[in-house]
Amino acid sequence: MSHNSIHWFRKGLRLHDNPALIAALKDCRHVYPLFLLDPWYSNNSCIGINRWRFLIEALRDLDASLKKLNSRLFVVSGPPTEVLPKLFEKWKITRLTFEVDTEPYSQSRDKEVMKLAKEYGVEVIPKISHTLYNIDRIIDENNGKPPMTYVRFQSVVKDIGPPKKPVPAPTKEDMKGVSTASSEDHEEEFGIPTLEDLGLDTSSLGPELFPGGEQEALRRLDEHMQRTAWVCKFEKPKTSPNSIIPSTTVLSPYVRFGCLSARTFWWRLAEVYRGKQHSEPPVSLHGQLLWREFFYTTAVGIPNFNRMEGNPHCVQVDWDKNPEHLAAWREARTGFPFIDAIMTQLRQEGWIHHLARHAVACFLTRGDLWISWEEGQKVFEELLLDADWSLNAGNWQWLSASAFFHQYFRVYSPIAFGKKTDKYGDYIKKYLPVLNKFPAEYIYEPWKAPRSVQERAGCIVGKDYPRPLVEHDVIHKKNIQRMKAAYAKRSSEDKDDQTITKGAKRKATSIQDMFEKKAKR
Ligand code: FAD
């Protein structure tokens with residue numbers, strides 16, 4: 001039978017390692033590569049302008065690649081459950097393919113869509129390619145529970161074996177006999193909107209350091225993989241949060257949108273490592289991809305993963321509500337130059353180093369301001385190019401010592417930490433030009449500079465740059481005691497485990513099992 005297929009791009013904005021796209025092309029007469037601008041996202045999450053730009057560029061890049069295969073990308077706005085049935089009829093669709101998503105919204109969306117597809121007699125083929133492994137398999141191999149430590153996680157995936165090899169991108173050969181019926185008014189009806197078309201305010205757009213799209217992702221990957229010694233020696237804790245040029249790959253936005261396949265990244269690293277001495281997980285680049293996989297697994301296996309309440313693994317903490325302090329943190333007005341420089345880089349450029357994320361996350365939560373990690377998660381969700389539901393929630397829980405990491409007495413200093421890798425404060429001066437003329441001696445603590453020094457620097461603390469919001473030396477000790485009390489109240493580990501076992505038997509597993517079975521048929 002010849003099929004009319006829709007391949008529905010959601011993440012996975014690429015042609016390489018896209019098994020669901022390949023499945024769409026098999027025995028196919030007409031293929032419609034589709035992207036839906038789902039209003040759920042704009043209504044339920046705040047997406048910053050830099051991330052919108054990244055997405056639009058990724059779509060343009062995808063369309064350009066599809067054109068080379070004599071096909072096109074069709075962009076349609078509207079809820080999937082309304083748009084897809086209309087398209088099924090209009091295009092006489094017999095098959096729908098997509099990459100499996102694991103987040104709760106996506107899971108319930110796909111369940112609805114699969115029900116509808118059945119009503120319309122449309123075969124559905126979901127394929128796993130956003131993660132290295134089938135996440136449900138990892139949970140199953142760990143007796144139905146997500147592994148709660150990296151070491152345990154490593155041992156489970158070691159038993160499973162290496163991730164599958166990526167599949168090649170479709171070629172003109174794969175497209176033989178397959179056509180895309182795009183009309184002359186394609187641009188008008190199905191074209192990629194501009195930021196202006198979407199009604200977005202572009203006045204705050206930052207410099208474009210990381211253009212979206214698969215081509216740029218693969219170019220960046222190639223560039224890094226040529227640095228053999230750097231790749232082999234890579235140890236995350238030894239990279240710098242405040243270098244002027246990023247000290248890690250900045251492939252995260254590309255992996256997040258699926259412009260780069262995690263499996264392609266993994267196997268390219270394996271090629272570089274082959275026959276050489278190299279660093280190992282958790283600190284190596286392979287190790288970083290496993291951290292991603294670890295948090296995806298816990299996000300699937302733990303209920304209410306992006307919240308404190310109802311999340312059985314999250315320590316319940318009596319966080320303060322302090323809108324003024326939260327706004328100061330978000331808007332880079334804490335009076336701690338290291339923290340404010342990081343928050344400025346985040347807003348302007350959409351990417352900050354992992355340890356910079358550590359510093360500002362610790363400062364907002366258990367370190368200094370005692371504000372809930374959920375508030376920080378929201379700000380990151382808006383401003384990060386790589387904002388990812390599972391990774392954002394998992395890492396915020398880690399940094400706030402709410403889950404996974406429990407050494408709450410180890411607090412980052414907003415003064416000393418940055419000095420270790422940037423003694424003279426060049427990073428601070430780049431992002432906070434108001435402090436440009438401060439001598440290195442005071443750049444991390446400008447409030448300590450004598451008035452004459454402040455005058456010479458042309459920056460009076462309290463007038464041109466804020467005074468520090470809190471006294472770090474005093475407040476962090478008080479907060480350690482508050483954290484100690486929260487831990488003391490925490491129910492026993494055994495009780496937590498029982499709740500998680502229950503949580504693991506969530507609906508999500510059964511949906512994915514269903515996906516798997518269908519895919520195998
Ligand atoms: P590299 O060091 O080059 O690592 C390669 C890849 O491994 C990354 O692209 C990423 O896909 C993955 N990776 C690396 N570190 C982690 C990690 N700790 N957890 C999960 N995956 C990792 N990362 C996101 O992609 N999206 C988020 O929303 C996100 N939120 C975070 C929130 C907080 C509070 C913290 C502390 C970290 C967060 N991270 C998030 C993880 C990490 O900081 C970024 O993935 C990393 O800094 C991206 O830079 P890179 O691509 O240069 O990383």
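Whatever order the structure lists ligands and atoms in, that order sets their numbers, starting from 1.
Nearest protein neighbour of atom 10 (C) of ligand 1, counting heavy atoms only, is S252 CB, 4.2 Å. H354 ND1, 3.2 Å is the protein heavy atom nearest to atom 42 (C) of ligand 1. Residue, atom and distance of the protein heavy atom nearest to atom 28 (O) of ligand 1 are D388 N, 3.0 Å. Of the protein's non-hydrogen atoms, the one nearest atom 41 (C) of ligand 1 is N395 ND2, 3.6 Å. Annotation: atom 13 (N) of ligand 1 to nearest protein heavy atom, Q288 O, 3.5 Å. Nearest to atom 25 (O) of ligand 1 among the protein's heavy atoms is L391 CD1, 3.4 Å. Of all protein heavy atoms, the one closest to atom 27 (C) of ligand 1 is D386 OD1, 3.4 Å.
The side-chain hydrogen bond (donor to acceptor under 3.5 Å, both in side chains) search around K238 returns E235, not counting sequence neighbours. Annotation: side-chain hydrogen bond (donor to acceptor under 3.5 Å, both in side chains) contacts of E280 (sequence neighbours excluded): none.
Residue L399 places no N or O, backbone or side chain, under 3.5 Å from any N or O of ligand 1.
Ring geometry for F404 versus H313: interplanar angle under 30°, hence parallel rather than tilted (30 to 60°).
Because its NZ or CZ atom is not both nearer than 6.0 Å to the ring centre of W370 and within 45° of the ring axis, R366 does not count as a cation-pi partner of that residue. The cationic group of R220 does not satisfy the cation-pi geometry with Y254, failing either the under 6.0 Å distance to the six-membered ring centre or the 45° limit from the ring axis.
Considering only non-hydrogen atoms, atom 46 (C) of ligand 1 lies nearest to R357 out of E381, H353, R357.
No heavy atom of R256 sits closer than 4.0 Å to any atom of ligand 1. At least one heavy atom of W351 sits less than 4.0 Å from an atom of ligand 1. Residue-ligand proximity: Y254 is placed with every non-hydrogen atom at 4.0 Å or more from ligand 1.
No more than 12 heavy atoms of other residues, nucleotides or ligands shown are found within 6.0 angstrom of CD on Q277.
When each atom of ligand 1 is checked for a heavy atom of F380 under 4.0 Å away, the hits are 32 (C), 33 (C), 34 (C).
With hydrogens and angles disregarded, no donor-acceptor distance shorter than 3.5 Å links the side chain of D101 to the backbone of S106.
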